[in-house]
2 protein chains.
Amino acid sequence: MPRGFGRLVKARIFVTLKPGVLDPQGQAIARALGSLGFEGVSGVRQGKLIELELTQSDAEQARAEVETMCEKLLANTVIERYAIELEG
Amino acid sequence: MPRGFGRLVKARIFVTLKPGVLDPQGQAIARALGSLGFEGVSGVRQGKLIELELTQSDAEQARAEVETMCEKLLANTVIERYAIELEG
């Protein structure tokens with residue numbers, strides 16, 4: 001299939017801090033929620049959500065490509081883990 | 001049911017820029033992916049993922065509470081929209 005005629009695959013990538021890694025943003029949110037009067041909130045963690053579209057007709061290949069993107073650029077795998085969702 | 005004995009509900013909140021709102025972070029990622037040799041990538045958008053736990057036995061009420069958190073603190077509803085996922 002010539003390039004540009006592949007299906008458009010939509011990928012959602014969730015990048016979150018590994019358990020045990022300090023999350024100052026999450027702590028700030030937890031404190032702010034507390035001071036706004038929300039009770040019983042715990043374990044607040046903030047991560048990143050990256051959405052992108054790929055011209056790639058093969059789902060397996062699309063996932064492999066997005067994994068490489070995560071390893072090389074999107075996640076810092078020392079302190080972060082990532083999850084990938086594909087659709088389309 | 002006395003407080004502290006409610007189920008622990010896990011909430012995932014996805015905060016993304018509304019369509020049409022400029023996303024410099026997304027653009028930076030798109031450029032970086034391009035310079036790393038990834039081709040056919042488009043529509044890169046970066047959002048936030050917030051995970052938290054609620055002591056709340058009622059799912060309806062938990063969702064309503066998280067919605068209020070989004071409106072009041074977690075999202076800037078002028079330029080961002082949010083989606084909520086509950087589990088547990």
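Because the structure is predicted, anything quoted here is derived from the model rather than measured. A note on names: the letters A, B, ... follow the listed sequences, proteins ahead of strands, and every chain is numbered from 1. In what follows, every heavy atom counts, from backbone to side chain, and hydrogens, waters and symmetry copies are set aside.
Using modelled atom types, no side-chain atom of B:Lys10 and backbone atom of B:Leu54 make a donor-acceptor pair closer than 3.5 Å.
Checked against salt bridge (Lys or Arg N to Asp or Glu O under 4.0 Å), A:Glu65 has no partners two or more places apart in sequence or in another chain.
Between the SG atom in B:Cys70 and the CD atom in B:Glu80 there is a gap of 10.0 Å [rounded to 0.5 Å].
Residues of residues 41-53 of chain A placed with any heavy atom under 4.5 Å of a heavy atom in chain B are listed by number as A:Val41, A:Ser42, A:Gly43, A:Val44, A:Arg45, A:Gln46, A:Gly47, A:Lys48, A:Leu49, A:Ile50, A:Glu51, A:Leu52, A:Glu53. Proximity to chain A at a heavy-atom threshold of 4.5 Å picks out B:Ile29 from residues 23-30 of chain B, in numerical order.
Proximity to chain B (any heavy atom under 4.5 Å) is restricted, for A:Thr16, to the side chain, taken from C-beta onward. For B:Leu74, the part lying near chain A is the side chain, with the backbone staying farther off; criterion is any non-hydrogen pair under 4.5 Å.
Under the ring-ring contact (aromatic ring centres under 6.0 Å, His included) criterion, the residue pairs touching residues 8-33 of chain B are A:Phe14-B:Phe14, with sequence neighbours excluded.
A heavy-atom distance below 4.5 Å is not found between the side chains of B:Ile84 and B:Arg12. Proximity of B:Ile79 to B:Lys18: side-chain heavy atoms (C-beta onward) are nowhere separated by under 4.5 Å. Using a 4.5 Å heavy-atom cutoff, the side chains of B:Gln56 and B:Asp58 are in contact.
Residues A:Glu71 and A:Tyr82 have side chains that bring a donor and an acceptor to within less than 3.5 angstrom of each other.
Taken together through direct or relayed side-chain contacts under 4.5 Å among Ile, Leu, Val, Met, Phe, Trp and Tyr, B:Met69 and B:Ile13 form part of one hydrophobic cluster.
Within 6.0 Å of the NZ atom in B:Lys72, the count of heavy atoms belonging to other residues, nucleotides or ligands does not exceed 12.
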